[in-house]
Amino acid sequence: MKLRIAIQKSGRLYDESISLLKECGIDLRNVKDRLKTESDNFPLEVFFLRDDDIPQYVEDGVADVGIVGENVLYEKCKEVEVLEKLGFGKCRLSLAINKNEDYVANFLQGKRIATSYPVLLQKYLEEQKITAEIHEISGSVEIAPGIGLAEVICDLVSSGSTLFMNGLKEVETILESQAVVIKNRELNSEQLALVNKLLFRVRAVKKAKKNKYILLNAPNDQLAKIFGLLPGMKSPTVLPLAEEGWSSVHSVLSEDEFWEKIEQLKAAGAQGILVVPIEKMII
Ligand code: PRP
Ligand code: ZN
């Protein structure tokens with residue numbers, strides 16, 4: 001038996017979905033321009049689909065799991081289970097208007113809003129008690145104001161360059177989104193075992209990306225202070241240096257507090273600090 005995973009065939013999530021599988025040690029045969037492919041070293045079959053279709057395929061059980069943006073997932077309202085946030089494909093669903101226009105109170109009231117996300121937009125308007133006209137279009141939403149189709153757009157923003165190039169400005173955020181792993185609700189125990197095997201690897205890769213391995217030298221009389229700064233996986237590793245009175249300390253540092261910690265370590269007497277990436281991290 002093979003686990004079937006659906007990923008986006010091109011666009012925002014494609015590259016990172018493929019690299020994630022690779023980093024999980026899953027080799028894929030010939031991924032370019034394929035409808036599907038499989039792995040030789042993991043029981044996995046990969047379907048390449050339009051992102052908008054992925055929640056449906058997973059709900060129907062045509063694919064067991066999928067990697068999809070929360071934006072698409074919540075727009076489609078399918079009965080699937082979210083297993084894990086992946087930390088890539090970050091973007092937001094936002095409202096934008098002409099950059100020269102003042103965004104005054106009640107601006108949206110009675111306006112025409114063009115979007116490919118009618119469900120999420122409708123929900124937002126209801127929550128905010130705004131009455132506006134939703135114009136659903138399937139692509140190039142950003143040109144709607146320019147051609148007189150709508151005064152407002154509701155679209156994905158990532159770098160913001162699409163808005164900028166079209167003379168628009170972001171005025172509200174409706175949803176923050178990133179890639180997630182979803183699964184069909186009724187997998188059998190064999191399928192679930194494979195999902196867990198895959199997730200175990202995904203989590204190890206994610207964790208590794210968030211952490212760095214750090215090596216440094218310090219005088220022994222400063223070690224207590226330095227240990228206080230370095231939690232490590234359990235506790236730091238300490239090896240004596242050939243030079244009397246000095247030690248080498250090895251540990252793991254989270255990226256979030258990385259630069260802060262480096263400064264504090266230097267101040268505490270650390271020298272020759274080396275920082276190296278971690279490939280996998282299993283705790
Ligand atoms: C979105 C959106 C914009 C662009 C915004 O489309 O419709 O065109 O990305 O990104 P930016 O802020 O970095 O310029 P996407 O490429 O996701 O295509 P899709 O919505 O058709 O899947
Ligand atoms: Zn799409």
Side-chain angles (χ1 to χ4, degrees), residues 5-21 31-36 46-59 62-63 65-78 80 82 85-101 103 108 111-125 132-182:
I5 187 169
I7 67 172
Q8 195 185 26
K9 72 167 178 245
S10 64
R12 189 177 296 281
L13 305 181
Y14 173 81
D15 286 333
E16 286 189 273
S17 302
I18 294 285
S19 349
L20 176 65
L21 293 176
V31 291
K32 274 275 165 246
D33 305 319
R34 288 292 187 92
L35 230 57
K36 63 176 201 152
V46 183
F47 298 150
F48 299 100
L49 302 168
R50 283 189 54 222
D51 60 349
D52 313 64
D53 295 333
I54 291 175
Q56 179 79 62
Y57 276 92
V58 173
E59 183 187 75
V62 176
V65 289
I67 297 178
V68 71
E70 291 171 302
N71 54 311
V72 171
L73 178 64
Y74 297 128
E75 176 67 20
K76 300 296 173 189
C77 308
K78 298 295 174 198
V80 297
V82 177
K85 297 201 183 217
L86 292 172
F88 63 78
K90 288 196 176 161
C91 59
R92 51 196 186 272
L93 184 65
S94 290
L95 295 176
I97 64 173
N98 189 305
K99 73 171 185 334
N100 301 319
E101 204 121 27
Y103 185 61
L108 300 169
K111 293 285 194 307
R112 294 170 302 167
I113 310 177
T115 191
S116 321
Y117 293 85
V119 173
L120 289 170
L121 175 57
Q122 177 73 46
K123 222 173 105 200
Y124 173 81
L125 293 176
E133 220 178 283
I134 299 177
H135 282 254
E136 184 179 350
I137 49 178
S138 59
S140 305
V141 172
E142 62 278 0
I143 66 167
I147 60 173
L149 180 70
E151 295 80 31
V152 183
I153 68 163
C154 168
D155 199 13
L156 293 187
V157 182
S158 170
S159 64
S161 62
T162 303
L163 291 187
F164 180 76
M165 296 207 318
N166 288 278
L168 301 170
K169 66 178 176 194
E170 201 175 345
V171 292
E172 301 284 353
T173 298
I174 293 187
L175 177 83
E176 300 271 357
S177 172
Q178 60 175 288
V180 292
V181 182
I182 55 173

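We count ligands from 1, going down the list as the structure has it; atoms in each ligand are counted the same way.
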4.0 Å heavy-atom contact, Gly139 with ligand 1: no

Just to be sure I'm reading this right: ignoring hydrogens, which of Asn166, Val157, Asp51, Val72 gets closest to atom 22 (O) of ligand 1? Compare them by their nearest heavy atoms. Asp51

Output side-chain donor-acceptor pairs under 3.5 Å for residues 136-150, partner residues at least two apart or in another chain, one line each.
none

Examine distances only and state if a side-chain atom of Lys78 and a backbone atom of Ile54 form a donor-acceptor pair shorter than 3.5 Å. no

For Gly160, take its heavy atoms, then give the atoms of ligand 1 lying under 4.0 Å from any of them. 11 (P), 12 (O), 13 (O)

Check whether Ser177 reaches the backbone of Glu70 with its side chain - one donor and one acceptor, N or O, closer than 3.5 Å. yes

Counting heavy atoms only, name the option from Asp155, Leu156, Leu163 that's nearest to atom 7 (O) of ligand 1. Asp155

Between OH of Tyr124 and OG1 of Thr173, what distance do you get to the nearest 0.5 Å? 8.5 Å

My understanding is that we take every heavy atom of each candidate and find the minimum distance to atom 13 (O) of ligand 1. Doing that for Ser159, Ser10, Ser116, Gly11, which one comes out nearest? Ser159

With only distance considered, is Gln8 within less than 3.5 Å of ligand 1 through an N or O on each side? no

The side-chain contact (heavy atoms from CB on, under 4.5 Å) partner of Glu75 among Val119, Asp52, Thr115 is Val119

With sequence neighbours left out, write down each residue that passes salt bridge (charged side-chain N to carboxylate O under 4.0 Å, His left out) with Arg92, or none if nothing qualifies. Glu170

Using a 4.0 Å cut-off to any heavy atom of Ser161, which atoms of ligand 1 qualify? 12 (O), 14 (O)

